[in-house]
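Reviewing the structure listed below.
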Amino acid sequence: MAYEFTKEDLEQIEKIKAKFPEVKPATLPVLWVAQNRFGHVEPEVQRLVAETLGLPEAHVHGVATFYTQYYKEKMGKYVLDVCTCLSCQLCGGYDILHHIEDKLGIKAGETTEDGMFSVQQVECLGACGYAPMLQVTNGKYVNHLTKEKVDNLIKALKEGKEPDYEQMEMPLRKV
Amino acid sequence: MSSADWKNYKPVLIPEIKDLHKIDVYEKNGGYEALKQVLTDKKKFDGPKSVIDEVKAANIRGRGGAGFNAGLKWSFMPPADGGPRYLACNGDESEPGTFKDRKIFEYNPHIFIEGALIAAYAMQITSIYVYIRGEYIDYVKMMEKAVQDAYDKGYIGKDILGSGFNVEFHVTYGAGAYICGEETSMLESIEGKRGYPRVKPPFPAQKGLWGRPTTINNIETLSCVPLVIKNGASWFSEIGAKNHPGPILYGISGHVNRPGVYELPSGVPVHDLINEVAGGMRNGKKLKAIIPGGSSTPVLRADQLEGVSMDSDSLREAGSMLGTAGLVVMDEDTDMVDVLWRIAHFYHHESCGQCTPCRDGTGWLEKILLKIKNGDGEVKDLDLLLDITTQMEGRTICALADAAAWPVRHTITRFRDEFEARCKKSVHAMA
Ligand SMILES: Cc1cc2nc3c(=O)[nH]c(=O)nc-3n(C[C@H](O)[C@H](O)[C@H](O)COP(=O)(O)O)c2cc1C
Ligand code: SF4
């Protein structure tokens, strides 16, 4: 399949380039534009990014492979990034991960056969006070997970309902 | 405001004002007044150097973990030569246990923007970049909106408030890599590369972004700046702990009833934070240990906490560090072997691999700890682990290797019995 950016993507890319004194710094943001458009940055997509920016393909490949959030292969429609790092570990992050694995019948790092879900175990997402938690496809955080909350999330995602932004209040802040 | 009097503290970094993230509300509550004073009140501030002096006197110690005096850091910038100069604001926030800068992005983004603008004026910076971790995409969007609003009001751009001062402000973000919180790795990432930390010297003040003078500060550090400008250095330095003054965003997580981020003066006693602020231990359990300021700061046992407060001096005496003030609380059921293995896994996963002692060392730490965790450890493995940590410390390009070594060394030393017991239960016990 030949990948192409849309007119809007190309406009966005011009805006990104204007932020920096040279082209190379556009690599990360344009990989994001590409991933948001195509759902991943497979080698073919990396090539498109390199060509669009006039940068060596090896450079774009090097960047894409350094950062964990770029999907170097096709993933499920929804990617569940379950945090098991320090505070999440203490608060049952592994139980949540295993519950999701059992429920979907896959292991972390795998994708369901119907292509709906991928599950990954990830490092600290900066939501330590709201553990255990997960992130849906590099987007919304879902906090204070219980098995029931996970079940509801998976059910909603199957129906195409993505979670809303959860505002986590500062407990003593009274406004 | 003394640390002991924390109950009467009124938040100043994230004050209790509804919709403060909106620029109009921020302005109505004295927002951007500090920037105005710095740029236009020549009686109060006579040029950039006077601003640096005030900030230096306030002793805002870097909130990114290392605790370096911000004003002093600013004074290391070489004299302006007409070329570009940069401020890189560190919003990477990836040290396990740390989740506080996101509160500024969400609740009071303009205090950070105003602080960064004042810093830019003080150092004659031409462009500001804020680098936010990629996972915080919701906060990236909030910051993009806040920066645009500040542009529209004329606080960013050309001839700001008629002062002749010009500066650009750009929001950038990462894509998943803890190492990009290390300041020179962040510069590489902003430049569009793999986030390999740079060898120092040259320091960023000499050669930073695109080879030009650059200063790096944490988001919370910069957010303290408007407070210092408005209220004066001595007002700030009288808040909380003497040698580490000011407001602190404490992130409390783990086995407490009410985890979350709390703004209080520096130096609050650890017991008060756990028992009163965070509502005490979950399920009535007993406290076993804390990690005071992010996963790299050495663990302290409950019996080491008598009279200890969240200030750099007190924690140093107790045998740890304030770090990012991300306090992780562990109860009596916590398995320290599991916890330490998970920390070791984190640092191994996040090592960029440039330096052998770090790449191989973090790998060995994780591997041996996994072996112990799985019940295959031998007592002599504990000394091997300690030996590896000494071979990692101080021998690498950046401090990730140290950050990985400290928790291993201190957790084993401070919970030696627990580690030995696990090893002795294994089939290799006699070896
Ligand atoms: C491995 C590593 C990770 C770091 N991560 C962060 C981070 O996520 N956020 C941060 O502000 N500082 C981080 N730092 C510290 C920065 O290198 C730098 O000291 C800091 O941003 C300077 O700002 P400050 O002086 O205002 O604290 C990290 C350091 C190391 C060695
Ligand atoms: S110490 Fe580790 S993370 Fe830092 S530069 Fe060396 S290998 Fe990379």
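Letters A, B, ... are given to chains in the order of the sequence lines, protein chains preceding strands, and every chain is numbered from 1. What you see is a predicted model; the values in this text were computed from it and never measured. Heavy-atom basis, side chains included; hydrogens, waters and symmetry copies ignored.
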Tell me, side chain or backbone of [X] under 4.5 Å from chain A's heavy atoms, or both, or neither?
X      : result
B:V256 : neither
B:Y86  : side chain
B:I137 : side chain
B:R194 : both
B:V328 : side chain
B:K103 : side chain
B:T98  : backbone
B:E16  : both
B:S127 : neither

Determine the option with the most heavy-atom pairs under 4.5 angstrom with chain A, choosing from [options].
options                        : result
B:A177, B:P96, B:S94           : B:P96
B:I343, B:D101, B:I190, B:L20  : B:I190
B:E106, B:R258, B:E168         : B:E106
B:G97, B:G134, B:G195          : B:G195
B:Y173, B:Y107, B:F346, B:Y196 : B:Y107
B:K18, B:E191, B:E93           : B:E191

* **Pairs of heavy atoms under 4.5 Å with chain B: top-ranked of A:I16, A:L31, A:V63** =>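 Maximum pair count with chain B is reached by A:V63.
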
* Among A:C83, A:A26, A:C124, A:P25, single out the residue with the greatest number of heavy-atom pairs under 4.5 Å to chain B. =>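 So the answer, after comparing A:C83, A:A26, A:C124, A:P25, is A:P25.
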
* **Side-chain donor-acceptor pair present, B:H349, B:E366, cut-off under 3.5 Å** =>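 No, no side-chain donor-acceptor pair sits under 3.5 Å.
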
* Asked: Is the NZ or CZ atom of B:R133 both under 6.0 Å from the centre of the six-membered ring of B:Y136 and within 45° of that ring's axis?
  ->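 Flagged: B:R133 positioned over aromatic ring of B:Y136.
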
Is any NZ, NE, NH1 or NH2 atom of the basic residue among [X] and [Y] found under 4.0 Å from an Asp or Glu carboxylate oxygen of the other?
X      : Y      : result
A:K72  : A:E42  : no
A:D164 : A:K140 : no
B:K100 : B:E220 : yes
A:E14  : A:K17  : yes
B:E144 : B:K141 : no
A:E166 : A:K149 : yes
A:E11  : A:K15  : no
B:D333 : B:K285 : yes
B:K193 : B:E188 : yes

* Asked: Taking non-hydrogen atoms and a cut-off under 4.5 angstrom, which of residues 7-15 of chain B neighbour chain A?
  ->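 From residues 7-15 of chain B, the residues near chain A are B:I14, B:P15.
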
By a 4.5 Å heavy-atom criterion (distance strictly below it), what part of [X] contacts chain B: side chain, backbone, both, or neither?
X      : result
A:P171 : both
A:Y165 : side chain
A:V30  : neither
A:A131 : neither
A:E22  : side chain

* Which of parallel (below 30°), tilted (30 to 60°) and perpendicular (above 60°) describes B:Y178 and B:Y347? ->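 Perpendicular: the ring planes of B:Y178 and B:Y347 meet at over 60°.
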
* **Side-chain donor/acceptor of A:N36 to backbone N/O of A:W32, under 3.5 Å** =>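 Yes, A:N36 side chain to A:W32 backbone: donor-acceptor pair under 3.5 Å.
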
Are [X] and [Y], when compared by the centres of their aromatic rings, separated by less than 6.0 Å?
X      : Y      : answer
B:Y131 : B:H170 : no
B:F169 : B:Y129 : no
B:F99  : A:Y130 : yes

* Asked: Once you round to the nearest 0.5 Å, how far does CG of A:L157 lie from NZ of A:K155?
  ->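 These two atoms lie 11.5 Å from each other.
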
